[in-house]
Amino acid sequence: MSIQNIKGMRDHLPRAMLLRQYIVSTIQQISERYGFEPLQSPVVEYAELLEGKLGDDEKLIYRFADQGGRQLALRYDQTVPLARVVAQYAGQLALPWRRYAYGPSYRGERPARGRYREFYQFDADIVGSASPLADAEIVALLSDSLAALGFPDFVTLLNHRQLIGGIARVSGLDEAAAGSVYRAIDKFDKIGADGVREELLRSGVVPTAAAAILTLVQTEGEAGAVLNELAGHLASDERACAAIANLRAIIAALENLGISPARYTVAPRLARGLSYYTGLVFEAITPHWPEGSLLGGGRYDELIGQFAGRPIPTVGLAFGIDRLHDVMEQLNLGPRSNGTAVAFVTIFGPEQSAASMALAQALRKAGINTLLSLEPQISLGKQLKEADRRGARYALLLGPDELARGEVVLKDLRSGEQHSLERAQLIEVIRASA
RNA sequence: GUGCCUGUAGCUCAAUGGCAGAGCGCCUGACUGUGGAUCAGGAAGUUGUGGGUUCGAGCCCCAUCAGGCACCCCA
(Lines give C-alpha, C1' and ligand atoms only; values in the text may rest on other atoms or scores of the structure.)
Protein backbone atom coordinates (compact mmCIF):
# COMPACT_ATOMS: atom_id res chain seq x y z
CA MET A 1 0.00 0.00 0.00
CA SER A 2 1.39 3.38 -0.93
CA ILE A 3 0.52 6.34 1.22
CA GLN A 4 0.03 9.13 -1.25
CA ASN A 5 -2.58 11.19 -3.01
CA ILE A 6 -4.02 10.58 -6.47
CA LYS A 7 -2.35 12.41 -9.35
CA GLY A 8 -3.78 15.89 -9.74
CA MET A 9 -5.80 15.67 -6.50
CA ARG A 10 -4.58 17.60 -3.50
CA ASP A 11 -4.88 17.68 0.25
CA HIS A 12 -5.38 21.14 1.66
CA LEU A 13 -3.80 21.54 5.09
CA PRO A 14 -5.17 24.12 7.54
CA ARG A 15 -3.04 27.03 6.39
CA ALA A 16 -4.16 26.55 2.79
CA MET A 17 -7.77 25.91 3.81
CA LEU A 18 -7.96 29.18 5.72
CA LEU A 19 -7.05 31.06 2.53
CA ARG A 20 -9.42 28.96 0.42
CA GLN A 21 -12.28 29.54 2.84
CA TYR A 22 -11.54 33.25 2.80
CA ILE A 23 -11.73 33.25 -1.00
CA VAL A 24 -14.96 31.27 -1.11
CA SER A 25 -16.70 33.19 1.66
CA THR A 26 -15.74 36.51 0.06
CA ILE A 27 -17.18 35.48 -3.29
CA GLN A 28 -20.24 33.97 -1.65
CA GLN A 29 -20.89 37.13 0.32
CA ILE A 30 -20.76 39.27 -2.82
CA SER A 31 -22.90 36.81 -4.78
CA GLU A 32 -25.56 37.02 -2.09
CA ARG A 33 -25.27 40.78 -2.16
CA TYR A 34 -26.29 40.51 -5.80
CA GLY A 35 -29.21 38.30 -4.82
CA PHE A 36 -27.84 34.93 -5.92
CA GLU A 37 -29.17 31.81 -4.19
CA PRO A 38 -27.23 28.67 -3.26
CA LEU A 39 -27.54 25.34 -5.04
CA GLN A 40 -25.80 22.08 -4.38
CA SER A 41 -26.01 18.97 -6.53
CA PRO A 42 -24.19 15.61 -6.35
CA VAL A 43 -20.68 15.17 -7.66
CA VAL A 44 -21.83 11.99 -9.46
CA GLU A 45 -24.20 12.04 -12.43
CA TYR A 46 -25.36 9.46 -14.96
CA ALA A 47 -22.60 9.26 -17.58
CA GLU A 48 -25.02 9.74 -20.45
CA LEU A 49 -26.06 13.11 -19.02
CA LEU A 50 -22.54 14.45 -19.48
CA GLU A 51 -21.90 12.83 -22.84
CA GLY A 52 -22.38 14.68 -26.09
CA LYS A 53 -21.69 18.12 -24.66
CA LEU A 54 -17.95 18.37 -24.76
CA GLY A 55 -16.74 17.01 -28.10
CA ASP A 56 -13.13 15.88 -27.88
CA ASP A 57 -12.98 16.59 -24.17
CA GLU A 58 -15.23 13.63 -23.38
CA LYS A 59 -12.20 11.43 -22.93
CA LEU A 60 -11.35 13.56 -19.89
CA ILE A 61 -14.52 12.52 -18.04
CA TYR A 62 -14.02 10.16 -15.10
CA ARG A 63 -16.38 7.23 -15.67
CA PHE A 64 -17.16 4.18 -13.61
CA ALA A 65 -19.90 1.68 -12.88
CA ASP A 66 -21.39 1.37 -9.42
CA GLN A 67 -22.27 -1.92 -7.67
CA GLY A 68 -25.64 -1.92 -9.37
CA GLY A 69 -24.08 -1.66 -12.82
CA ARG A 70 -25.17 1.94 -13.39
CA GLN A 71 -22.88 3.88 -15.75
CA LEU A 72 -21.85 6.93 -13.76
CA ALA A 73 -19.46 9.84 -14.15
CA LEU A 74 -17.92 12.51 -11.96
CA ARG A 75 -19.15 15.90 -13.04
CA TYR A 76 -16.89 17.71 -15.48
CA ASP A 77 -18.20 21.14 -14.49
CA GLN A 78 -21.21 22.57 -12.68
CA THR A 79 -22.97 23.78 -15.79
CA VAL A 80 -24.40 20.53 -17.14
CA PRO A 81 -25.70 19.61 -13.66
CA LEU A 82 -27.34 23.05 -13.58
CA ALA A 83 -29.09 22.26 -16.85
CA ARG A 84 -30.40 19.02 -15.34
CA VAL A 85 -31.63 20.77 -12.20
CA VAL A 86 -33.36 23.47 -14.22
CA ALA A 87 -35.18 20.87 -16.32
CA GLN A 88 -36.02 18.61 -13.37
CA TYR A 89 -37.40 21.31 -11.05
CA ALA A 90 -38.87 23.61 -13.69
CA GLY A 91 -42.04 24.04 -11.68
CA GLN A 92 -40.25 25.10 -8.50
CA LEU A 93 -37.72 27.54 -9.92
CA ALA A 94 -39.01 30.94 -10.90
CA LEU A 95 -37.00 32.37 -13.80
CA PRO A 96 -34.90 34.39 -14.07
CA TRP A 97 -33.03 32.52 -11.36
CA ARG A 98 -29.71 33.68 -9.95
CA ARG A 99 -27.87 30.70 -8.52
CA TYR A 100 -24.43 30.06 -7.15
CA ALA A 101 -22.80 26.70 -6.55
CA TYR A 102 -19.50 25.74 -4.97
CA GLY A 103 -17.80 22.39 -5.11
CA PRO A 104 -15.37 20.08 -6.89
CA SER A 105 -15.42 18.96 -10.50
CA TYR A 106 -13.18 16.38 -12.16
CA ARG A 107 -11.23 16.22 -15.39
CA GLY A 108 -8.63 13.62 -16.30
CA GLU A 109 -6.14 16.16 -17.58
CA ARG A 110 -2.40 16.33 -17.19
CA PRO A 111 -1.93 18.42 -14.03
CA ALA A 112 0.08 21.63 -13.98
CA ARG A 113 0.35 24.72 -11.84
CA GLY A 114 -3.13 26.15 -11.34
CA ARG A 115 -4.62 23.10 -12.99
CA TYR A 116 -5.74 19.91 -11.28
CA ARG A 117 -7.81 16.79 -11.82
CA GLU A 118 -9.97 17.63 -8.84
CA PHE A 119 -10.65 21.34 -8.87
CA TYR A 120 -13.07 23.55 -6.99
CA GLN A 121 -15.21 26.09 -8.74
CA PHE A 122 -17.59 28.73 -7.54
CA ASP A 123 -20.17 29.20 -10.30
CA ALA A 124 -22.63 32.06 -10.52
CA ASP A 125 -25.25 32.06 -13.29
CA ILE A 126 -28.38 33.97 -14.20
CA VAL A 127 -30.74 31.43 -15.71
CA GLY A 128 -33.60 32.49 -17.95
CA SER A 129 -32.76 36.03 -18.97
CA ALA A 130 -31.49 37.28 -22.32
CA SER A 131 -31.22 40.84 -21.04
CA PRO A 132 -27.88 42.64 -21.40
CA LEU A 133 -28.44 43.72 -17.78
CA ALA A 134 -27.93 40.08 -16.81
CA ASP A 135 -24.60 40.01 -18.65
CA ALA A 136 -23.60 43.26 -16.96
CA GLU A 137 -24.57 41.96 -13.51
CA ILE A 138 -22.33 38.93 -13.98
CA VAL A 139 -19.39 41.09 -15.04
CA ALA A 140 -20.06 43.46 -12.13
CA LEU A 141 -20.10 40.49 -9.73
CA LEU A 142 -16.75 39.37 -11.14
CA SER A 143 -15.29 42.85 -10.82
CA ASP A 144 -16.51 43.36 -7.25
CA SER A 145 -15.25 39.93 -6.22
CA LEU A 146 -11.72 40.31 -7.53
CA ALA A 147 -11.54 43.77 -6.00
CA ALA A 148 -12.74 42.42 -2.64
CA LEU A 149 -10.09 39.68 -2.78
CA GLY A 150 -7.47 42.38 -3.13
CA PHE A 151 -6.35 42.00 -6.74
CA PRO A 152 -4.75 45.34 -7.53
CA ASP A 153 -4.80 45.42 -11.30
CA PHE A 154 -7.06 42.93 -13.01
CA VAL A 155 -8.87 43.66 -16.27
CA THR A 156 -11.90 41.89 -17.69
CA LEU A 157 -11.67 41.31 -21.42
CA LEU A 158 -15.07 41.37 -23.14
CA ASN A 159 -15.94 39.92 -26.50
CA HIS A 160 -18.91 38.42 -28.30
CA ARG A 161 -19.09 35.15 -30.16
CA GLN A 162 -20.77 36.75 -33.14
CA LEU A 163 -18.12 39.42 -33.26
CA ILE A 164 -15.45 36.81 -33.88
CA GLY A 165 -17.87 35.03 -36.21
CA GLY A 166 -18.39 38.29 -38.11
CA ILE A 167 -14.66 38.86 -38.38
CA ALA A 168 -14.30 35.37 -39.86
CA ARG A 169 -17.21 35.90 -42.25
CA VAL A 170 -16.16 39.30 -43.62
CA SER A 171 -12.71 37.76 -44.11
CA GLY A 172 -14.34 35.26 -46.45
CA LEU A 173 -14.47 32.19 -44.20
CA ASP A 174 -17.43 29.90 -43.69
CA GLU A 175 -18.72 28.45 -40.41
CA ALA A 176 -16.72 25.26 -40.89
CA ALA A 177 -13.43 27.15 -40.79
CA ALA A 178 -14.48 29.22 -37.81
CA GLY A 179 -13.44 26.65 -35.19
CA SER A 180 -9.78 26.70 -36.09
CA VAL A 181 -9.94 30.50 -36.37
CA TYR A 182 -11.25 30.70 -32.78
CA ARG A 183 -8.49 28.47 -31.52
CA ALA A 184 -5.80 30.43 -33.33
CA ILE A 185 -7.10 33.79 -32.12
CA ASP A 186 -7.41 32.51 -28.58
CA LYS A 187 -3.64 32.05 -28.44
CA PHE A 188 -2.96 35.65 -29.43
CA ASP A 189 -1.61 36.73 -26.06
CA LYS A 190 0.63 33.68 -25.91
CA ILE A 191 2.08 33.39 -29.43
CA GLY A 192 1.66 36.92 -30.80
CA ALA A 193 0.43 38.21 -34.16
CA ASP A 194 2.96 36.27 -36.22
CA GLY A 195 2.18 33.07 -34.38
CA VAL A 196 -1.54 33.49 -35.01
CA ARG A 197 -0.90 34.25 -38.67
CA GLU A 198 1.10 31.04 -38.96
CA GLU A 199 -1.67 29.01 -37.34
CA LEU A 200 -4.30 30.57 -39.58
CA LEU A 201 -2.32 29.84 -42.73
CA ARG A 202 -1.64 26.30 -41.57
CA SER A 203 -5.34 25.66 -41.12
CA GLY A 204 -6.03 26.77 -44.69
CA VAL A 205 -6.92 30.43 -44.33
CA VAL A 206 -5.80 32.46 -47.38
CA PRO A 207 -3.17 35.17 -46.63
CA THR A 208 -5.45 38.15 -47.37
CA ALA A 209 -8.12 36.78 -45.02
CA ALA A 210 -5.53 36.12 -42.32
CA ALA A 211 -4.28 39.68 -42.63
CA ALA A 212 -7.82 41.06 -42.35
CA ILE A 213 -8.52 38.92 -39.30
CA LEU A 214 -5.31 40.00 -37.60
CA THR A 215 -6.04 43.68 -38.16
CA LEU A 216 -9.54 43.47 -36.71
CA VAL A 217 -8.52 41.27 -33.84
CA GLN A 218 -5.80 43.64 -32.69
CA THR A 219 -8.14 46.60 -32.30
CA GLU A 220 -7.49 48.05 -28.86
CA GLY A 221 -8.43 50.96 -26.66
CA GLU A 222 -11.43 52.27 -24.73
CA ALA A 223 -14.45 49.97 -25.08
CA GLY A 224 -16.73 52.34 -26.99
CA ALA A 225 -13.98 53.34 -29.42
CA VAL A 226 -13.10 49.71 -30.18
CA LEU A 227 -16.73 48.96 -30.92
CA ASN A 228 -17.05 51.99 -33.21
CA GLU A 229 -14.03 50.92 -35.20
CA LEU A 230 -15.24 47.33 -35.51
CA ALA A 231 -18.70 48.54 -36.51
CA GLY A 232 -17.13 50.27 -39.51
CA HIS A 233 -15.45 47.09 -40.70
CA LEU A 234 -18.31 44.72 -39.97
CA ALA A 235 -21.26 46.81 -41.26
CA SER A 236 -22.04 44.21 -43.92
CA ASP A 237 -22.52 41.40 -41.39
CA GLU A 238 -25.91 41.45 -39.74
CA ARG A 239 -25.05 39.18 -36.81
CA ALA A 240 -21.87 41.10 -36.04
CA CYS A 241 -23.86 44.34 -35.97
CA ALA A 242 -26.30 42.79 -33.52
CA ALA A 243 -23.34 41.62 -31.41
CA ILE A 244 -21.91 45.14 -31.34
CA ALA A 245 -25.29 46.56 -30.31
CA ASN A 246 -25.47 43.93 -27.57
CA LEU A 247 -21.97 44.76 -26.28
CA ARG A 248 -22.85 48.47 -26.31
CA ALA A 249 -25.91 47.74 -24.18
CA ILE A 250 -23.83 45.63 -21.76
CA ILE A 251 -21.19 48.36 -21.46
CA ALA A 252 -23.84 51.01 -20.89
CA ALA A 253 -25.21 48.85 -18.09
CA LEU A 254 -21.73 48.44 -16.59
CA GLU A 255 -21.39 52.22 -16.57
CA ASN A 256 -24.74 52.59 -14.84
CA LEU A 257 -23.68 49.97 -12.31
CA GLY A 258 -20.66 52.12 -11.56
CA ILE A 259 -18.01 49.63 -12.66
CA SER A 260 -14.79 51.53 -13.36
CA PRO A 261 -13.92 51.61 -17.09
CA ALA A 262 -10.36 50.74 -16.06
CA ARG A 263 -11.66 47.28 -15.04
CA TYR A 264 -12.88 46.15 -18.47
CA THR A 265 -12.12 46.47 -22.14
CA VAL A 266 -13.43 45.07 -25.41
CA ALA A 267 -10.90 42.59 -26.77
CA PRO A 268 -11.81 41.02 -30.13
CA ARG A 269 -8.85 38.65 -29.67
CA LEU A 270 -10.57 36.86 -26.79
CA ALA A 271 -12.08 33.62 -28.09
CA ARG A 272 -12.45 31.09 -25.24
CA GLY A 273 -12.44 27.47 -26.21
CA LEU A 274 -15.74 26.28 -24.84
CA SER A 275 -18.01 25.64 -27.78
CA TYR A 276 -21.32 26.29 -26.05
CA TYR A 277 -20.96 30.07 -25.73
CA THR A 278 -23.41 31.97 -27.92
CA GLY A 279 -23.02 35.63 -26.98
CA LEU A 280 -20.86 37.57 -24.55
CA VAL A 281 -17.61 35.91 -23.56
CA PHE A 282 -15.21 37.34 -21.00
CA GLU A 283 -12.05 36.60 -19.10
CA ALA A 284 -10.32 38.32 -16.19
CA ILE A 285 -6.56 38.64 -16.49
CA THR A 286 -3.79 40.08 -14.34
CA PRO A 287 -0.20 40.77 -15.36
CA HIS A 288 1.00 38.76 -12.35
CA TRP A 289 -0.31 35.48 -13.72
CA PRO A 290 1.16 34.89 -17.15
CA GLU A 291 -0.16 31.32 -17.23
CA GLY A 292 -3.51 32.59 -18.44
CA SER A 293 -6.84 33.83 -17.25
CA LEU A 294 -7.91 34.03 -13.63
CA LEU A 295 -11.41 33.05 -14.52
CA GLY A 296 -13.92 33.42 -17.30
CA GLY A 297 -17.46 32.98 -18.41
CA GLY A 298 -20.05 34.05 -20.90
CA ARG A 299 -23.51 33.64 -22.30
CA TYR A 300 -24.73 30.23 -23.38
CA ASP A 301 -28.32 30.38 -24.51
CA GLU A 302 -28.73 26.81 -25.73
CA LEU A 303 -27.10 24.52 -23.18
CA ILE A 304 -29.32 25.00 -20.15
CA GLY A 305 -32.57 24.45 -22.04
CA GLN A 306 -31.54 21.28 -23.82
CA PHE A 307 -32.89 18.98 -21.10
CA ALA A 308 -35.97 21.14 -20.64
CA GLY A 309 -36.72 21.07 -24.35
CA ARG A 310 -36.84 24.82 -24.84
CA PRO A 311 -34.21 27.54 -25.05
CA ILE A 312 -33.34 29.04 -21.65
CA PRO A 313 -30.93 31.95 -22.13
CA THR A 314 -28.24 31.94 -19.45
CA VAL A 315 -25.14 33.92 -18.61
CA GLY A 316 -22.64 32.98 -15.96
CA LEU A 317 -19.09 32.62 -14.77
CA ALA A 318 -16.89 30.22 -12.85
CA PHE A 319 -14.30 31.24 -10.28
CA GLY A 320 -11.52 28.66 -10.27
CA ILE A 321 -10.76 28.49 -6.56
CA ASP A 322 -7.55 26.51 -6.99
CA ARG A 323 -6.19 28.97 -9.48
CA LEU A 324 -7.24 31.99 -7.40
CA HIS A 325 -5.59 30.30 -4.42
CA ASP A 326 -2.33 29.71 -6.31
CA VAL A 327 -2.23 33.28 -7.63
CA MET A 328 -3.07 34.85 -4.27
CA GLU A 329 -0.42 32.72 -2.60
CA GLN A 330 2.12 33.93 -5.14
CA LEU A 331 1.06 37.58 -4.82
CA ASN A 332 0.80 37.36 -1.04
CA LEU A 333 -2.84 38.44 -1.04
CA GLY A 334 -5.45 37.59 1.56
CA PRO A 335 -5.15 36.75 5.25
CA ARG A 336 -2.09 34.91 6.50
CA SER A 337 -3.40 33.53 9.75
CA ASN A 338 -2.07 30.36 11.29
CA GLY A 339 -5.26 29.29 12.95
CA THR A 340 -8.78 30.12 13.93
CA ALA A 341 -8.30 31.03 17.59
CA VAL A 342 -8.21 34.59 18.89
CA ALA A 343 -7.62 33.75 22.54
CA PHE A 344 -5.52 31.05 24.23
CA VAL A 345 -6.32 30.22 27.84
CA THR A 346 -3.29 28.88 29.70
CA ILE A 347 -3.49 26.62 32.72
CA PHE A 348 -1.17 27.62 35.54
CA GLY A 349 -1.25 24.24 37.21
CA PRO A 350 -3.57 21.38 38.15
CA GLU A 351 -5.14 23.43 40.97
CA GLN A 352 -6.06 26.23 38.59
CA SER A 353 -7.40 24.15 35.69
CA ALA A 354 -11.04 24.43 36.75
CA ALA A 355 -10.82 28.23 36.71
CA SER A 356 -9.15 28.18 33.28
CA MET A 357 -11.82 25.89 31.86
CA ALA A 358 -14.56 28.13 33.19
CA LEU A 359 -12.86 31.16 31.65
CA ALA A 360 -12.51 29.44 28.26
CA GLN A 361 -16.24 28.61 28.23
CA ALA A 362 -17.13 32.18 29.21
CA LEU A 363 -15.09 33.54 26.30
CA ARG A 364 -16.66 31.03 23.90
CA LYS A 365 -20.11 31.99 25.13
CA ALA A 366 -19.18 35.59 24.35
CA GLY A 367 -18.42 34.57 20.76
CA ILE A 368 -14.64 34.62 21.00
CA ASN A 369 -12.73 31.78 19.30
CA THR A 370 -10.82 30.28 22.19
CA LEU A 371 -8.20 27.57 22.59
CA LEU A 372 -7.81 25.91 25.97
CA SER A 373 -4.45 24.53 27.01
CA LEU A 374 -4.60 20.76 27.43
CA GLU A 375 -1.55 20.23 29.61
CA PRO A 376 -1.67 21.77 33.11
CA GLN A 377 1.74 20.28 33.90
CA ILE A 378 3.79 21.96 31.21
CA SER A 379 5.48 25.29 31.77
CA LEU A 380 3.77 28.58 31.08
CA GLY A 381 6.50 29.33 28.56
CA LYS A 382 5.58 26.32 26.47
CA GLN A 383 1.92 27.15 26.67
CA LEU A 384 2.64 30.66 25.41
CA LYS A 385 4.74 29.23 22.62
CA GLU A 386 1.82 27.04 21.65
CA ALA A 387 -0.51 30.06 21.71
CA ASP A 388 1.86 31.94 19.45
CA ARG A 389 2.22 29.04 17.04
CA ARG A 390 -1.54 28.69 16.73
CA GLY A 391 -1.82 32.33 15.71
CA ALA A 392 -3.81 33.46 18.75
CA ARG A 393 -3.79 37.21 19.33
CA TYR A 394 -4.19 36.99 23.11
CA ALA A 395 -3.00 34.72 25.86
CA LEU A 396 -4.89 34.59 29.16
CA LEU A 397 -3.07 33.78 32.37
CA LEU A 398 -4.62 33.07 35.71
CA GLY A 399 -2.37 32.02 38.53
CA PRO A 400 -2.89 32.08 42.29
CA ASP A 401 -2.41 35.88 42.49
CA GLU A 402 -5.02 36.63 39.83
CA LEU A 403 -7.46 34.09 41.22
CA ALA A 404 -7.17 35.68 44.66
CA ARG A 405 -8.04 39.09 43.16
CA GLY A 406 -10.74 37.68 40.89
CA GLU A 407 -8.84 38.93 37.84
CA VAL A 408 -7.17 37.55 34.72
CA VAL A 409 -3.97 38.64 32.98
CA LEU A 410 -4.56 39.49 29.33
CA LYS A 411 -1.36 39.35 27.30
CA ASP A 412 -1.31 40.75 23.78
CA LEU A 413 1.00 38.40 21.92
CA ARG A 414 1.56 40.91 19.15
CA SER A 415 2.80 43.80 21.31
CA GLY A 416 3.87 41.82 24.36
CA GLU A 417 1.88 44.13 26.65
CA GLN A 418 -0.16 42.63 29.43
CA HIS A 419 -2.72 43.88 31.97
CA SER A 420 -4.59 42.36 34.85
CA LEU A 421 -8.30 42.82 34.21
CA GLU A 422 -11.66 41.84 35.57
CA ARG A 423 -13.60 39.36 33.52
CA ALA A 424 -16.22 41.75 32.14
CA GLN A 425 -13.52 44.15 30.99
CA LEU A 426 -11.60 41.30 29.47
CA ILE A 427 -14.32 40.39 27.01
CA GLU A 428 -14.81 44.06 26.09
CA VAL A 429 -11.12 44.51 25.28
CA ILE A 430 -10.91 41.35 23.17
CA ARG A 431 -14.10 42.19 21.31
CA ALA A 432 -12.94 45.75 20.66
CA SER A 433 -9.80 44.53 18.93
CA ALA A 434 -11.57 42.06 16.62
C1' G B 1 -3.03 11.47 -24.13
C1' U B 2 2.35 12.95 -26.50
C1' G B 3 7.37 15.10 -25.58
C1' C B 4 11.08 17.12 -22.04
C1' C B 5 12.81 18.07 -16.83
C1' U B 6 12.60 16.82 -11.58
C1' G B 7 12.01 13.63 -6.92
C1' U B 8 17.72 13.50 -0.93
C1' A B 9 15.66 15.25 6.93
C1' G B 10 9.08 18.36 8.39
C1' C B 11 10.45 22.59 4.43
C1' U B 12 14.17 24.81 0.76
C1' C B 13 18.28 22.61 -1.35
C1' A B 14 23.85 20.54 -1.45
C1' A B 15 26.83 15.98 -2.17
C1' U B 16 33.42 13.40 -9.57
C1' G B 17 30.15 6.10 -9.13
C1' G B 18 33.71 5.83 -3.02
C1' C B 19 31.84 7.88 5.10
C1' A B 20 24.38 11.10 3.92
C1' G B 21 25.29 17.27 4.45
C1' A B 22 23.69 22.71 5.25
C1' G B 23 20.03 26.55 6.26
C1' C B 24 15.21 27.04 8.20
C1' G B 25 11.82 24.38 11.29
C1' C B 26 11.45 20.81 15.51
C1' C B 27 13.14 19.14 20.63
C1' U B 28 16.18 20.37 25.27
C1' G B 29 18.55 24.07 28.16
C1' A B 30 20.29 29.32 29.48
C1' C B 31 14.70 31.29 31.71
C1' U B 32 10.65 26.40 38.05
C1' G B 33 4.84 33.00 36.62
C1' U B 34 5.78 34.66 30.30
C1' G B 35 5.95 33.28 23.54
C1' G B 36 8.80 35.76 19.23
C1' A B 37 14.87 37.75 19.39
C1' U B 38 19.89 35.71 20.89
C1' C B 39 23.26 31.78 22.54
C1' A B 40 24.55 26.47 23.61
C1' G B 41 23.32 21.50 22.74
C1' G B 42 20.17 17.46 20.53
C1' A B 43 16.99 14.36 17.55
C1' A B 44 16.03 13.60 12.85
C1' G B 45 17.02 9.62 6.30
C1' U B 46 15.20 2.25 3.52
C1' U B 47 17.92 9.32 -1.11
C1' G B 48 9.52 8.48 -4.00
C1' U B 49 8.82 2.96 -4.96
C1' G B 50 10.43 -1.81 -7.36
C1' G B 51 14.06 -4.10 -10.23
C1' G B 52 18.95 -4.07 -12.92
C1' U B 53 24.43 -2.82 -13.97
C1' U B 54 28.82 -2.49 -10.62
C1' C B 55 33.83 -4.59 -5.94
C1' G B 56 30.75 -0.32 -4.65
C1' A B 57 24.67 3.47 -6.78
C1' G B 58 21.66 9.53 -4.09
C1' C B 59 24.42 9.64 -8.94
C1' C B 60 24.20 4.94 -14.53
C1' C B 61 19.92 1.68 -16.95
C1' C B 62 14.57 -0.15 -16.96
C1' A B 63 9.76 0.09 -14.90
C1' U B 64 6.32 2.55 -11.83
C1' C B 65 4.19 6.54 -8.80
C1' A B 66 4.18 11.79 -7.95
C1' G B 67 5.46 17.02 -9.22
C1' G B 68 6.86 20.83 -12.98
C1' C B 69 7.23 22.74 -18.24
C1' A B 70 5.63 22.62 -23.52
C1' C B 71 1.69 20.71 -26.78
C1' C B 72 -3.77 19.98 -26.26
C1' C B 73 -7.49 22.08 -23.61
C1' C B 74 -9.38 24.93 -19.93
C1' A B 75 -10.85 27.02 -14.16
Side-chain angles (χ1 to χ4, degrees), chain A residues 1-11 13 15 23 27 54-60 76-79 102-124 142 179-180 182-183 186-187 190-191 195 199 271-277 281-285 289-298 316-327 338 344 346-349 352 373 377-403 409-418 420:
Chain A
M1 183 179 70
S2 66
I3 300 183
Q4 64 182 161
N5 51 317
I6 304 295
K7 185 203 258 291
M9 307 203 184
R10 304 185 297 168
D11 298 309
L13 298 183
R15 200 178 161 74
I23 294 169
I27 298 170
L54 303 167
D56 289 345
D57 291 349
E58 295 216 352
K59 58 177 186 281
L60 301 179
Y76 181 87
D77 59 25
Q78 300 190 98
T79 306
Y102 170 66
S105 297
Y106 300 83
R107 297 181 191 180
E109 283 188 297
R110 190 72 162 262
R113 188 172 177 73
R115 187 173 205 190
Y116 306 94
R117 289 188 168 180
E118 177 183 69
F119 58 100
Y120 283 77
Q121 282 182 316
F122 186 104
D123 282 29
L142 155 59
S180 55
Y182 294 161
R183 273 192 293 279
D186 195 32
K187 292 183 205 162
K190 207 179 276 183
I191 63 179
E199 289 242 346
R272 288 190 67 76
L274 240 54
S275 51
Y276 54 64
Y277 289 115
V281 291
F282 57 87
E283 236 173 53
I285 59 169
W289 186 253
E291 273 92 339
S293 71
L294 282 176
L295 62 110
L317 83 169
F319 293 88
I321 302 303
D322 301 275
R323 183 165 296 180
L324 285 172
H325 175 133
D326 288 353
V327 181
N338 283 328
F344 186 102
T346 61
I347 300 180
F348 188 83
Q352 287 78 22
S373 174
Q377 289 84 5
I378 69 171
S379 72
L380 213 45
K382 279 186 193 151
Q383 295 186 43
L384 286 170
K385 194 182 177 82
E386 172 74 359
D388 191 49
R389 203 161 34 187
R390 293 289 164 207
R393 169 77 190 271
Y394 296 105
L396 297 152
L397 297 81
L398 49 182
D401 299 349
E402 287 76 25
L403 282 174
V409 168
L410 175 70
K411 183 181 176 77
D412 185 334
L413 291 172
R414 226 179 277 170
S415 65
E417 287 175 25
Q418 62 181 54
S420 191

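Sequence lines set the chain letters: A, B, ... in the order given, protein chains first and strands last, and positions in each chain run from 1.
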Can you tell me the distance, in whole Å, between the CZ atom of A/Arg117 and the C1' atom of B/G68? 14 Å
Heavy-atom protein contacts under 4.0 Å, nucleotides 38-43 of chain B, coded B base, S sugar-phosphate only, - none: ------
State which of B/G68, B/C72, B/A75 makes the closest approach to the side chain of A/Lys187. B/C72
Gap between atoms CZ and C1', on A/Arg110 and B/C65 respectively (whole Å): 13 Å
Integer angstrom distance from the P of B/C11 to that of B/G45: 13 Å
Interatomic distance at C1', B/U12 relative to B/C26, whole Å: 16 Å
Answer yes or no: side-chain N or O of A/Glu109 and base N or O of B/A75 forming a donor-acceptor pair under 3.5 Å. yes
Say we look at B/G29 and B/C60: how far apart would their P atoms be, to the nearest angstrom? 45 Å
Output the rounded distance in Å from CG (A/Leu317) to P (B/C74). 17 Å
What is the distance from CZ of A/Arg15 to C1' of B/C11, rounded to the nearest Å? 13 Å
Output yes when a side-chain donor or acceptor of A/Thr346 lies under 3.5 Å from a complementary backbone atom of A/Leu396, and no otherwise. yes
In whole angstrom, give me the gap between the P atoms of B/G21 and B/G33. 41 Å
Judged by nearest nucleotide, the residue sitting upstream toward the 5' end of RNA chain B, A/Gly296 or A/Asn5, is A/Asn5
A/Tyr116 near the nucleic acid: base, sugar-phosphate alone, or nothing, with a heavy-atom cut-off under 4.0 Å? base
Rounded to whole angstroms, how far apart are CD1 on A/Ile321 and P on B/A75? 14 Å
Would you kindly give the CG-to-C1' distance between A/Asp77 and B/A75, to the nearest whole Å? 10 Å
Using the P atoms only, state how far B/A57 lies from B/G17, rounded to an integer number of Å. 14 Å
Starting at CG of A/Asp322 and ending at C1' of B/C74, how long is that distance when rounded to a whole Å? 13 Å
If I pick the P atom on B/C55 and the same atom on B/G3, what distance separates them, to the nearest angstrom? 34 Å
Is A/Arg10 paired with A/Asp326 through a side-chain N to carboxylate O contact shorter than 4.0 Å? yes
Base, sugar-phosphate, or nothing: which does A/Ala112 touch, judged by heavy atoms less than 4.0 Å apart? sugar-phosphate
Contact state string [nucleotides 24-37 of chain B, B base, S sugar-phosphate only, - no protein heavy atom under 4.0 Å]: --SSSS---BBBB-
Length of the line joining A/Phe122:CZ and B/A75:C1', which is rounded to integer Å: 14 Å
Is A/Lys382 salt-bridged to A/Glu386, cutoff N-O under 4.0 Å? no
